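If you're wondering where the values come from, they're calculated on a predicted model, not measured in any experiment. So that the names make sense, note that chain A is the first sequence line, chain B the second, and so on, each numbered from 1.
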Protein chains: 2
Amino acid sequence: MREVLAQAAFQLFLERGFERTTVDDIVARAGVGRRSFFRYFPSKEDAVFPDHERCLAEMTEFLAVADDGDPVGAVSDAARIVLRMYAANPEFSVQRYRLTREVPGLRTYELSVVRRYEQTLAGHLRSRFGEDGDGALRAEVVAASVVAAHNNGLRLWLRSGGEGDPEVAVDHALALVREVWGRPTASTAPAAPGASAVPAVPLAVSGGGDGDGEVVVMVARKGTPMWRVVQQIEAAVGEN
Amino acid sequence: MREVLAQAAFQLFLERGFERTTVDDIVARAGVGRRSFFRYFPSKEDAVFPDHERCLAEMTEFLAVADDGDPVGAVSDAARIVLRMYAANPEFSVQRYRLTREVPGLRTYELSVVRRYEQTLAGHLRSRFGEDGDGALRAEVVAASVVAAHNNGLRLWLRSGGEGDPEVAVDHALALVREVWGRPTASTAPAAPGASAVPAVPLAVSGGGDGDGEVVVMVARKGTPMWRVVQQIEAAVGEN
DNA sequence: GAGACTATGGCACTCAGTACCCTCTGTAAA
DNA sequence: TTTACAGAGGGTACTGAGTGCCATAGTCTC
């Protein structure tokens, strides 16, 4: 029923445009009563994004059981859930993308959906980073970065007409975020030449009198990726 | 006229709530015809944010003449224009914030406004970073980060009831973004204790045979803020 | 078969937003 | 002084989204 309505609605949106299609048109084609439409979709816009609710639930569930050791990695993987939803129906996704670009109401609606994803990610990061200090701030900025990177890669694929693998563009975009915000794991971070062969060796040397006067000497090859340097220093200096 | 309508609308929204106030109520209180309302505001929501259009124009103008040497700094300063608009009317801003939090329709509307700011910032960054390669990607991620940081600081101030100076929270939030995405300048970066007294001393020592085999030794006091460490290393290792 | 529960349809209503046309006022040309 | 014009505001009627309420039909339970 829900499926029938969503398909009828989408067909009509493509044929006549979103605004020139009334709910009466939709229910007429679907062969159901008008009242039933609003039982399945709270608004006309919802019929265009019938699967986001499910996807959001999936993301929430994923994050609930996610590995705690790498929060940024976890939210990046969570973002990939959305990507896979789009990739599961390339043709539909591309058509919807073109439709959404044209209709201001749909663009606004999509913003609210994206915002819910972002808040879900931010909530997870906040619980890991801690509410105090800059925890909440970092959580929101990282979540926004992940969403922006994901959407950049996704749009690249959508604009191409859904050709090829969208994962490559999104992986690349997310990697850029992780380079600055999080510790990449071996599975997703590109192996940097030299970095694994001659890893940076943090070496703490007791210097002055008080604890805060300690001096850290860090050695790295020139060409070592910045994330790797930061990773090592943070481990030695201790998050400050 | 526009002002009269906006004030009448806002009064009623506070008294009865946004959804329980009709446009007829507003024009009745303002003493004008219903048709006039929609001449000045395209929608009921617009009456809640009467100054964003002007603010967006101001931001666009600012970026057009902004210093090109520090794009991230320029968009951060551009974001502060929005902050100052809020800070100019603390009472109004706080009341509107509380109203917006309660009404889903207003939240969605605000998202679309924020999105336009973000795209303005991203457009400026894109023109500086270049469209090719990761330029567009970086532009969008940085713009999203700046907006998220700005909004975090702004919301902190709004939740406090508009007490004190909102600039401090926003400056701090934006500084965090600049620590990872841009080079902080002396004026915006907080002076870290110890960092200025005993600055990190990057020291490049030629190591292996080829240029890539060079080794960088970096010395810093324990307690040095991470952004300062990264800043020094980047200067020595050279952006990689 | 009575009662309860669920899915669906129908009807009437509110209200945002728009199209069209009206009046009024001020201004400038003849 | 009259006429022509323009622009601000007002009025009316309409479309269409979304909601509340009730009726109906199928289904399950006891």
Side-chain angles (χ1 to χ4, degrees), chain A residues 1-54 96 99-100 102-113 115-116, chain B residues 1-50 52-54 96 99-100 102-113 116:
Chain A
M1 180 93 212
R2 207 183 125 89
E3 187 61 25
V4 172
L5 278 166
Q7 284 192 2
F10 198 74
Q11 277 180 10
L12 284 165
F13 293 158
L14 291 183
E15 291 172 16
R16 314 181 193 176
F18 180 79
E19 271 134 351
R20 297 178 55 81
T21 302
T22 71
V23 175
D24 292 281
D25 296 335
I26 299 169
V27 296
R29 178 165 299 195
V32 300
R34 166 183 162 77
R35 197 67 188 75
S36 293
F37 178 87
F38 290 104
R39 253 188 267 279
Y40 287 99
F41 301 103
S43 75
K44 211 173 83 170
E45 283 82 6
D46 283 278
V48 182
F49 304 92
D51 35 14
H52 272 300
E53 221 48 57
R54 192 182 45 73
R96 176 169 66 183
L99 187 64
T100 304
E102 301 300 318
V103 183
L106 289 180
R107 280 206 306 269
T108 302
Y109 180 90
E110 195 180 38
L111 281 182
S112 71
V113 174
R115 175 68 176 169
R116 294 177 63 195
Chain B
M1 182 88 211
R2 204 183 128 89
E3 188 60 26
V4 172
L5 278 166
Q7 284 191 3
F10 198 73
Q11 277 180 12
L12 285 165
F13 293 159
L14 291 182
E15 291 172 16
R16 316 181 192 175
F18 180 79
E19 270 135 352
R20 297 177 55 80
T21 302
T22 70
V23 175
D24 292 285
D25 296 336
I26 298 169
V27 296
R29 176 162 301 193
V32 300
R34 167 183 163 76
R35 195 61 189 78
S36 294
F37 179 87
F38 290 105
R39 250 187 271 279
Y40 288 99
F41 301 103
S43 76
K44 211 172 82 170
E45 285 82 6
D46 283 279
V48 182
F49 304 91
H52 272 298
E53 220 49 55
R54 190 183 45 74
R96 177 169 65 182
L99 186 64
T100 304
E102 302 298 320
V103 183
L106 289 179
R107 281 207 306 269
T108 302
Y109 181 89
E110 196 180 38
L111 282 181
S112 71
V113 174
R116 293 177 62 195

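Between L5(A) and V32(A), the closest side-chain pair of non-hydrogen atoms falls below 4.5 Å. Put simply, the side chain of T100(A) does not reach to within 4.5 Å of the side chain of F18(A), judged on heavy atoms.
Atoms CZ and CE, from F37(A) and M1(A) in turn, are 10.5 Å apart once rounded to the nearest 0.5 Å. Atom CD of Q11(A) and atom CZ of R16(A) lie 11.0 Å apart (nearest 0.5 Å). The CZ atom of F13(A) sits 8.0 Å away from atom CD of E45(A), with the distance rounded to the nearest 0.5 Å. From R2(A), atom CZ reaches atom CG of D51(A) across 8.5 Å, with rounding to the nearest 0.5 Å. Here T108(B) contributes atom OG1 and L111(A) contributes atom CG; the two are 9.0 Å apart, rounded to the nearest 0.5 Å. Atom-to-atom distance recorded for R115(A):CZ and E110(B):CD is 8.5 Å, nearest 0.5 angstrom.
E19(B) has no carboxylate O lying under 4.0 Å from a charged side-chain N of K44(B), or vice versa, which leaves the two without a salt bridge. Ionic pairing of R20(A) and E15(A) is not present here: no N-O contact between side-chain nitrogen and carboxylate oxygen is shorter than 4.0 angstrom.
Under 3.5 Å, the side chain of R34(A) and the base of dG18(D) form at least one donor-acceptor pair of N or O atoms.
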Between the protein and nucleotides 23-25 of chain D, which nitrogen or oxygen pairs come in under 3.5 angstrom?
none

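If you measure from atom CE of M1(B) to atom P of dG7(D), you get 18 Å, rounded to the nearest angstrom. Atom CZ in R2(B) sits roughly 13 Å away from atom P in dG9(D) (whole-Å rounding). Rounding to whole angstrom units, CG of residue L5(B) and P of dA8(D) are separated by 15 Å.
The 5' end of DNA chain D is approached more closely, in terms of each residue's nearest nucleotide, by D24(A) than by the other of D24(A) and R35(A).
Side-chain atoms of D46(A) and Y109(A) include a donor-acceptor pair closer than 3.5 Å.
Contact footprint of chain B on DNA chain C: nucleotides with an atom under 4.0 Å from a non-hydrogen protein atom, first to last in 5' to 3' order, dC15(C) to dC20(C).
Near-neighbour residues of DNA chain D inside residues 36-48 of chain B, defined by a heavy atom below 4.0 Å, number-ordered: S36(B), R39(B), Y40(B).
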